[in-house]
Amino acid sequence: MNQFGALDTAIIIAMVVVYIAATSWLSIRLRSKTTGEFMVAGRAAPVVVIAILLMSEFIGAKSTIGTSQEAFNVGIAASWSVIAAAIGFLLFGLFMAKRLYKSGEFTISGFVAQKYGKTAKLVVSAVMIYALFIVNVGNYVSGAAAISTVLKVNLPTAAIITAIVSTIYFAYGGLKSVLYVTIFHSAMKILGIGILVWVALSLTGGIAPMVSTMPEHYFTWKGALNGGTIGAWIIGTSGAIFSTQFIIQAISGARSGEDARKATLVAAALCLPIALALGLLGVAAKFLFPEIKGLYALPIFLQHMHPVLAGVVTVSLVASIFVSVSTVALAIASLIVKDFYVPRFQPSPERELAATRWISLVVGFVPLIFVLFVPQILALSFFTRALRLTVTVVALMGIYLPFFNSSRGAISALVLATVATTVWYLLDNPFGIDNMYIALVAPAIVMVIERLIFPAAPNATEHATPHPGAPELAAGRRQQH
């Protein structure tokens, strides 16, 4: 085991600083100059670029650290937490990507407004902001875990470093630069995971010693998990993909609806090998270092490699943090600006762009307050997906079951399901029922009950936000901003 000295730590820090400086310069070079570029990248992004962004966001720092943490405890079956994203992207590409793209909207709340009206739009926006805010709390914790291991600082200090660096990075460039800089981040992430797997298997002597020594469940399809948990992961992740703001925003940057669909299918393929690698790392950490906390299942390998390699892996984790925090914070800022700031203040395009950047700064630092209250990253991750699943259920019922078109029913479902899911999570899933299933069933039950009580409820479309005459017209308006 390497105990990094002052020189080793200085080398690693220097590599991180150089990477940050280089990608920050690139972000400035590619910075968004209009609101349209900031929000939807001018609708000119290639398929592969969008696919890499989608993959990198759902396998960000939180999922990278969290999946290995879970595998440390339950076995390689923890890979299902990321395989679920592959399944979700596949379903999203087949059934939803084109429809959302052609709606002309780049926020999920705007899409819902076309079905249920303005009030429902604001409720969806609030629920999504709440969910994504918690997502970034988890991002900061997982990122800080890696940084604290290498720099030998405590978790709060590492979280502050994470916040400062990542917020400066994302608040300036907008979606346009985030899309293209993510190519470099993702390349570093894949390289870093590859190095970690190589080091882990070198230390274990391969997979065979682990299989022969460890409990059998560490290498079965469900491990120490139950089928209900795996099912909840798949349902929750798929539901989150269907409704999450940064997914909608990313595919809105595509050149066409068909490109949006292709991007999600490519993202699905990219998720699979990374899922298995992260699960294997957690199992290897349990085999080699059974006494450590699961949170450090991945970062522990940094201390067992050459400082230069540790620097590359640290950079890859920092890159994951950048992707995660940047896209989530950008999504939150977009919702705040489009649904609350613009309607209230009617700013000029220049003021709107400036306000978006200032709001991004605030969004980047607020999660620090809650960092110390998040011990289980993966559990938090799937709770936030459960919250987003409620939005998906309401949206899909509006699309495929038009009988449930009451604005009152949609709003009641969103509010009650969000509260019920949160309470169920805080109570630690009573009766062994995962909060994901509460998020799946609660909104549907509320909407059915509302329809039975008020059978003559007014059609939401009478109060819905008018749909632009054509997607191209909507895109044109966005580009003007």
Inset, instruction - Walk me through it: do Phe92 and Leu100 pass the test side-chain contact (heavy atoms from CB on, under 4.5 Å)? - result: CA-CA 10 Å; Phe92 184 76; Leu100 283 168; 3.5 Å; yes

Inset, instruction - List the steps and the verdict of side-chain contact (heavy atoms from CB on, under 4.5 Å) for Ile399 and Met96. - result: CA-CA 10 Å; Ile399 294 170; Met96 200 69 173; 3.3 Å; yes

Legend entry - CA sep, side-chain torsions, deciding dist, call: Lys222, Ile230, side-chain contact (heavy atoms from CB on, under 4.5 Å): CA-CA 8 Å; Lys222 69 174 185 176; Ile230 295 173; 3.7 Å; yes

Inset, instruction - Decide yes or no on side-chain contact (heavy atoms from CB on, under 4.5 Å) for Thr220 and His217, but give the supporting numbers first. - result: CA-CA 5 Å; Thr220 61; His217 73 262; 4.3 Å; yes

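Atom CG in Leu90 sits 9.0 Å away from atom OG in Ser238 (nearest 0.5 Å). Summarising the geometry, atom OG belonging to Ser56 is positioned 7.0 Å from atom CD1 belonging to Ile274; distances are rounded to the nearest 0.5 Å. Expressed to the nearest 0.5 Å, how far CG of Leu54 lies from CD1 of Ile241 amounts to 8.5 Å. For the atom pair CG (Leu298) and OG1 (Thr67), the distance works out to 10.0 Å, reported to the nearest 0.5 Å. Here Ile300 contributes atom CD1 and Leu203 contributes atom CG; the two are 10.5 Å apart, rounded to the nearest 0.5 Å. Rounding to the nearest 0.5 angstrom, the gap separating the OG1 atom in Thr237 from the CD1 atom in Ile83 is 11.0 Å.
Between Ile59 and Cys271, some side-chain heavy-atom pair lies under the 4.5 Å cut-off. Under the 4.5 Å side-chain criterion, counting only non-hydrogen atoms from C-beta, Ser125 is not in contact with Lys338. The closest side-chain heavy-atom distance from Thr264 to Ile251 is below 4.5 Å. Residues Tyr425 and Leu387 fail the side-chain proximity criterion, which asks for heavy atoms closer than 4.5 Å. Counting heavy atoms from C-beta outward, Ile336 and Val363 have side chains that approach closer than 4.5 Å. For the pair Val328 and Ile332, the minimum side-chain heavy-atom distance is below 4.5 Å. Contact annotation: the side chain of Leu270 approaches that of Val266 to within less than 4.5 Å [non-hydrogen atoms, C-beta and beyond]. Contact of the Ser256 side chain with the Lys98 side chain is not registered, since no non-hydrogen atoms from C-beta on lie closer than 4.5 Å.
Without hydrogens or angle criteria, Ser109 side chain to Val124 main chain gives no donor-acceptor distance under 3.5 Å. In this structure, the side chain of Tyr218 engages the main chain of Phe72 through a donor-acceptor pair within 3.5 Å. Side-chain N or O atoms of Tyr437 include one that pairs as donor or acceptor with a backbone N or O of Gly228 at under 3.5 Å. Under a 3.5 Å cut-off, the side chain of Lys286 and the backbone N or O of Met214 do not form any donor-acceptor pair. Formation of a donor-acceptor pair under 3.5 Å by the Asn136 side chain with backbone atoms of Leu132 is not found in this model. With hydrogens and angles ignored, the 3.5 Å screen pairs no side-chain donor or acceptor of Ser186 with any backbone N or O of Ile183. A distance-only check finds no donor-acceptor pair linking the side chain of Thr213 to the backbone of Met210 [under 3.5 Å]. Side chain of Trp80 to backbone of Trp221: a donor-acceptor contact under 3.5 angstrom is found. In terms of modelled atom types and a separation under 3.5 Å, the side chain of Tyr140 and the main chain of Pro367 share no donor-acceptor contact. Using a distance-only test at 3.5 Å, with no hydrogens or angles considered, no donor-acceptor pair links the side chain of Asn435 to the main chain of Asn429.
Heavy-atom contacts from other residues, nucleotides or ligands closer than 6.0 Å to CZ of Phe219 number more than 12.
Taking the six-membered ring where tryptophan is involved, the planes of Phe301 and Phe289 are perpendicular, since the angle between them exceeds 60° and thus also 30°. Classification of the His185-Tyr19 ring pair by plane angle, with boundaries at 30° and 60°, yields tilted. Note: Trp424 and Phe431 have tilted aromatic rings, judged against thresholds of 30 and 60 degrees for the angle between ring planes.
Of the N and O atoms on the side chains of Arg388 and Thr384, at least one donor lies less than 3.5 Å from an acceptor on the other residue.
In plain terms, the two heavy atoms of Ala163 and Gly364 that are nearest each other are CB-O, 4.1 Å. Shown here for Ala284 and Thr204, the closest heavy-atom pair between the two residues is CB-CG2, 4.0 Å.
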